[in-house]
Amino acid sequence: MKLGTGVGGWLNRVGEDAQHAEQLGYDYLTCGELSHDSMLTMTVAAGSTEEIGLTTGVTIAFPRSPLVLAMEAWDLQVYSKGRFSIGLGSQVKGHNVRRFGMNWTAPAPRMKEFILMMKAIWDCWQNGTEPDFLGKHYRFNLMTPNFNPGPIEYPRPKIFLAIVGEGMARVAGEVADGVLPHGGIMSDKYMREVLLPNIKIGLDRAGRSWEDIEIAASGYTIFGETEEEIERGLDQMRQPLSFYGSTRSYHHVLELHGLKDLGDELHRLSLRGEWRKMRDIISLDAIRELAQTTTYDQLPKFLQEHREYASRMGFGMPRNTPEQRERATAIMKEVQEVQTPRVPREFA
């Protein structure tokens, strides 16, 4: 199991944090894209490290041109000596239209075109194929020598895709190299009953298998040394659930668990800006309905039994004292030794 940790924030801190993560033995770094640019963050991280993998988690696709993003990723793959993967996400309609100032169309078919065009661009640069991609949203049929960076000595960057809906899951199975289930609002039940079956549909459409795609472990999970620590973790999950649960695009996750009324109330409160009240109305019973828990001692077994489809996951433990640092290092090594079949048990 590959373990990852996040970097981000102002760029003058990214290099030091990336070096620290590499020294701790993490397999890959990831970064979000909330108030800072993900590609710039990964550029700084690449220049500050030697071996650790680099995956944006995620880069928002639709405000960007596929060619511009393909060019940035091509440069980053060379700069990092083959360590870069790009994670793409669509974001919701409101942010695309009102924050980024972009037009909105159905996201799943558009994302499929976006990824296929990026692959066509890289194929043109690497193998000299003619630019002949033509879709409903994007086209690529011009590439002159002045604008062609040419081939690189590394494999093309892998493309991971963030998913939360059925359509995007099918696109991931069909054209992506990896899957990033939306960690902000996800449950094991939703993953197994909705997303994994649709990933399988996409894989079948493309004549691919589970071996052709890498899936990150997801679902609301709470890890701790003791049951008391896990209880505190459950309470802290009210905050992310209040944020993501207020977005109607994610309500189908809540509906699957009988929590539709909670999602509707969170949405109403968000429109009134009552952020504190949003957190307070979420009960621990609702959190327990969505979340899975385990102690660190049982974490390897938990992953083998409940994340058998995954080959990577985000991970963090307290490291404030020498004892905590020693403990975290030991657990990391145990988890990294976990071997999973990477095939969901429902499809084994």
Side-chain angles (χ1 to χ4, degrees), residues 1-6 21 24-28 30 53 55 57 160 162-164 169 178-197 199-200 210-211 213-241 244 253 256-257 284-319 323-348:
M1 182 72 67
K2 298 177 185 176
L3 296 185
T5 188
L24 291 176
Y26 280 97
D27 298 293
Y28 67 95
T30 186
T55 305
F160 283 73
I163 63 171
V164 71
V179 180
L180 303 173
H182 195 314
I185 183 160
M186 187 61 59
S187 69
D188 183 63
K189 179 181 176 70
Y190 185 81
M191 187 73 186
R192 294 188 183 279
E193 295 187 12
V194 179
L195 294 186
L196 290 174
I199 292 172
K200 180 65 163 57
W210 294 103
E211 294 179 354
I213 199 162
E214 194 172 353
I215 302 178
S218 190
Y220 274 177
T221 51
I222 302 295
F223 309 141
E225 292 285 11
T226 64
E227 291 301 324
E228 290 78 11
E229 191 173 311
I230 288 173
E231 284 296 310
R232 291 195 294 272
L234 288 168
D235 181 70
Q236 292 169 1
M237 288 196 73
R238 285 180 165 136
Q239 187 61 40
L241 180 56
Y244 289 107
V253 180
L256 185 65
H257 289 268
L284 282 178
D285 286 341
I287 296 292
R288 290 192 182 95
E289 171 63 31
L290 295 166
Q292 293 175 299
T293 65
T294 186
T295 61
Y296 290 121
D297 284 332
Q298 295 297 312
L299 181 54
K301 181 180 178 182
F302 174 88
L303 295 173
Q304 291 170 331
E305 294 180 352
H306 300 286
R307 297 296 182 271
E308 78 290 345
Y309 56 81
S311 58
R312 58 170 54 205
M313 62 177 285
F315 180 80
M317 283 182 67
R319 294 177 180 270
E323 292 77 14
Q324 287 179 336
R325 289 191 287 272
E326 182 179 357
R327 173 70 167 158
T329 299
I331 295 297
M332 279 185 64
K333 290 180 179 178
E334 288 183 21
V335 173
Q336 287 169 320
E337 291 175 358
V338 170
Q339 297 289 327
T340 57
R342 292 179 53 177
V343 179
R345 58 176 176 263
E346 295 85 351
F347 301 100

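Every value quoted in this text rests on a predicted model; they were computed, and no experiment measured them.
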- Item | 4.5 Å side-chain heavy-atom contact, Arg192 and Arg345 | yes
- Message: Check Glu308 with Arg342, please: is the shortest side-chain N to carboxylate O separation under 4.0 Å?
- Response: no
- Is it possible for you to check whether Arg327 lies under 6.0 Å from the centre of the six-membered ring of Tyr296, through NZ or CZ, and within 45° of that ring's axis? no
- For the pair Arg288 and Glu231, find out whether any cationic side-chain nitrogen is under 4.0 Å from an anionic carboxylate oxygen. yes
- Query: Parallel, tilted or perpendicular for Tyr26 and Phe315, by the 30°/60° rule?
  - Reply: tilted
- Gap separating the CD1 atom of Ile213 from the CD atom of Glu211, nearest 0.5 angstrom: 12.5 Å
- Note on the structure: In terms of heavy-atom contacts, Glu334 and Pro300 come closest through OE1-CG, 3.9 Å
- Value for CD1 (Ile185) from CG (Leu241), rounded to nearest 0.5 Å, stands at 6.0 Å
- Query: Any side-chain heavy-atom pair from Phe302 and Thr221 closer than 4.5 angstrom?
  - Reply: yes
- Dump the intermediate steps for side-chain contact (heavy atoms from CB on, under 4.5 Å) on Leu196 and Ile215, then the final yes or no. CA-CA 10 Å; Leu196 290 174; Ile215 302 178; 4.1 Å; yes
- Query: How many angstroms lie between CG in Leu303 and CD in Glu305, if you round to the nearest 0.5 Å?
  - Reply: 10.0 Å
- Should Val335 and Met313 count as side-chain neighbours, where that means a heavy-atom distance under 4.5 Å? yes
- Message: Show the nearest heavy-atom pair for residues Glu229 and Gly224, with the distance to one decimal.
- Response: OE2-CA, 3.5 Å
- Item | Contacts of Glu193 that satisfy side chain to side chain donor-acceptor pair (under 3.5 Å) - sequence neighbours left out | Lys189
- Measure the shortest side-chain to side-chain distance between Phe223 and Gln298 over non-hydrogen atoms and say whether it is less than 4.5 angstrom. no
- Considering non-hydrogen atoms only, spot the tightest contact between Gly57 and Leu180 and give its length. CA-CD1, 4.4 Å
- Message: For Leu234 versus Ile222, what's the shortest heavy-atom pair and its separation?
- Response: CD2-CG1, 3.8 Å
- What's the verdict on side-chain contact (heavy atoms from CB on, under 4.5 Å) for Thr295 and Thr226, showing C-alpha distance, side-chain angles and the deciding distance? CA-CA 6 Å; Thr295 61; Thr226 64; over 6 Å; no
- Within the 6.0 Å centroid threshold, strictly below: Tyr309 and Trp210: no
- Message: Could you work out, with side chain to side chain donor-acceptor pair (under 3.5 Å) as the rule, every residue matching Gln304, not counting sequence neighbours?
- Response: none
- Closest contact, heavy atoms only, Leu290 versus Ser187: O-CB, 3.6 Å
- Glu326, CD atom: more than 12 neighbouring heavy atoms under 6.0 Å: no
- Item | Proximity of His257 and Tyr190 rings by center, below 6.0 Å | no
- Query: If you measure from OG1 on Thr5 to CE on Met317, what distance do you get to the nearest 0.5 Å?
  - Reply: 13.0 Å
- Query: Nearest 0.5 Å, what's the OH-CE distance between Tyr220 and Met191?
  - Reply: 15.0 Å
- For residues Leu195 and Ile163, determine if any side-chain heavy atom of one lies less than 4.5 Å from a side-chain heavy atom of the other. yes
- Query: Yes or no on side-chain contact (heavy atoms from CB on, under 4.5 Å) for Leu24 and Arg325, after CA distance, side-chain angles and deciding distance?
  - Reply: CA-CA 9 Å; Leu24 291 176; Arg325 289 191 287 272; over 6 Å; no
- Task: Take Met1 and Thr340 through the test side-chain contact (heavy atoms from CB on, under 4.5 Å) and record every step on the way to the result.
- Result: CA-CA 7 Å; Met1 182 72 67; Thr340 57; 3.9 Å; yes
- Query: Do the side chain of Arg312 and the main chain of Ala217 share a donor and acceptor less than 3.5 angstrom apart?
  - Reply: no
- Message: To the closest 0.5 Å, what do you measure between CG (Leu3) and CE (Met332)?
- Response: 5.0 Å
- Query: How close do Glu214 and Lys2 get, heavy atom to heavy atom, and via which atoms?
  - Reply: OE2-NZ, 3.4 Å
